[in-house]
Amino acid sequence: MLSYRLHYVFVAVFLLCFLVGFAEGRNPPPVFESDYVLPETETPGPILPNTAKNFVTVGMSLSVTLYALFLVIAGLAVHYWRSRKILFCLAIASVVILGFLLQGCPCPVGMFQNIVQVFVEPAAGISWTVILLFTLPLLAALFWGRIFCSSVCPLGAVQELIAFKNLKISDRFEHIFGLFRFFWLGIGIFCVAVGLGYIVCRYDPFVAFFWYGGMYPVLIFGFIVLAVCFFIGRPFCRFMCPYGALLGACGSVAARKVSITPGRCDQCKLCEHVCPYNAILAPAKEPTAAERRSGPMKMIIAILALPLLVLVFAQMGGALAPRLAGLNQDVRTAKLLYLEETGWVPTLGTSPETRGLMQTGTDTYEIKQRGIEAYRMFGVAGFGLGAWIGLIIGIKWVSLTIRHRRREYEVDSSRCFACGRCFWYCPNQKGQRLLLIGD
């Protein structure tokens, strides 16, 4: 069994690396109060066009290679070696290499925003490395379950390594707040569609640590998430990670799902007690006569309510989203031009935006057209976001009305992070697994 001393050592090293890097990034330049004269600045020659491009290409290729290698190791550790110790060491390597050395970027967690950007602006283009980084973990989840979350993702690995006291939370809380990662996925797509940028990457609580700094609200949010991680297992992965929502959907239909025991189940309940993610499903009890009668009716009501939920939330999103259109620069500028041209503002060029346009002699017609188009996009995207939220709520409602038959303890593949705790504690583990590694 892994000693908690290793957890303390990792947390101390993690905080030390962050503080040292943060101090270096925040250290101001020296102030000379003597008669020292700065030497003349020499401007270096132009960088060869292909040099920077080749450097970025090599870095992205290295990232793809490392992610692919770590995914293979994680898949072997989960399904063949069944070793939590290997997963734990792989998590440390992920945090050190993919986290601090590569500074958490590129990361598949926010890559869906790059994919959406191509559909919004086809001229922007997309590189093959971005496509590979986005699809590799999803393909691995379709074959082996959420092995990417187990120890490959540096964001999830940090949470796994600093978890000291994993407190259980209620299943109702898990169902309700687990929907927010799907909502966050829709919000990320919405922001890219309306030109508000990559909001998922901007407010990622852990990338700020890997960058050794960032906006203070994000750093504070990151420290809060880290503090919660000490007591609740992977709160970011379970309730806030949009990519985890996609991985959970792929993991639920995986060809080879994570198994608790390589042999028969003795129903010792150790796996249920040790899992901090509510991912172990207990054997289902036989329904009562009343439950048999009410079950089909509840499912019919949930199925009939699903399109109604989609329609109601879509109308709400379509009505509320245009009120946020002022966040778009084109919409703000077009609104200021309209107010000045119609006389609501007595003097032309009152605002800095319109004053700059007047000084440069820019034609304002194109700017106003872009603002009108952006305003319309807010309405369309808001309608889609509302429909998405209603669809997710409706699907969750329908899924809760379905009764499953289980005679043994099973893994909920949509919630399981393949951390290895269940087969680490299983009494049938040692005698029946393929390779005795990590004991």
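Partners of F173 according to the ring-ring contact (aromatic ring centres under 6.0 Å, His included) rule, which considers only residues two or more places apart in sequence or in another chain, are F177, F239. Remark: R292 engages E286 in a salt bridge (charged side-chain N to carboxylate O under 4.0 Å, His left out) (not counting sequence neighbours). Judged as a salt bridge (charged side-chain N to carboxylate O under 4.0 Å, His left out), and not counting sequence neighbours, the contacts of E174 are R238. With sequence neighbours excluded, the residues that form a side-chain contact (heavy atoms from CB on, under 4.5 Å) with R370 are D330, E366, I367. Remark: A290 pairs with T288, R293 by the side-chain contact (heavy atoms from CB on, under 4.5 Å) rule, at least two apart or across chains. E291 meets the salt bridge (charged side-chain N to carboxylate O under 4.0 Å, His left out) test with R403; sequence neighbours excluded.
Legend: side-chain hydrogen bond (donor to acceptor under 3.5 Å, both in side chains) pairs involving residues 265-276, not counting sequence neighbours, sorted by first then second residue: R264-D266, D266-N428, E272-Y409. Counting only residues at least two apart or on different chains, no ring pair (Phe, Tyr, Trp, His ring centres under 6.0 Å) pair has a member in residues 287-308. Listed by first then second residue, pairs satisfying side-chain hydrogen bond (donor to acceptor under 3.5 Å, both in side chains) with a partner in residues 182-207 number zero, not counting sequence neighbours. Listed by first and then second residue, the ring pair (Phe, Tyr, Trp, His ring centres under 6.0 Å) pairs involving residues 293-314 amount to none (not counting sequence neighbours).
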Could you tabulate the donor-acceptor pairs under 3.5 Å formed by side-chain atoms of residues 145-158, not counting sequence neighbours?
residue : atom : partner : partner atom : Å
R146    : NH1  : S414    : O            : 2.7
S150    : OG   : I147    : O            : 2.5

Atom pairs and distances, side-chain donor-acceptor, residues 317-325, under 3.5 Å, sequence neighbours left out:
none

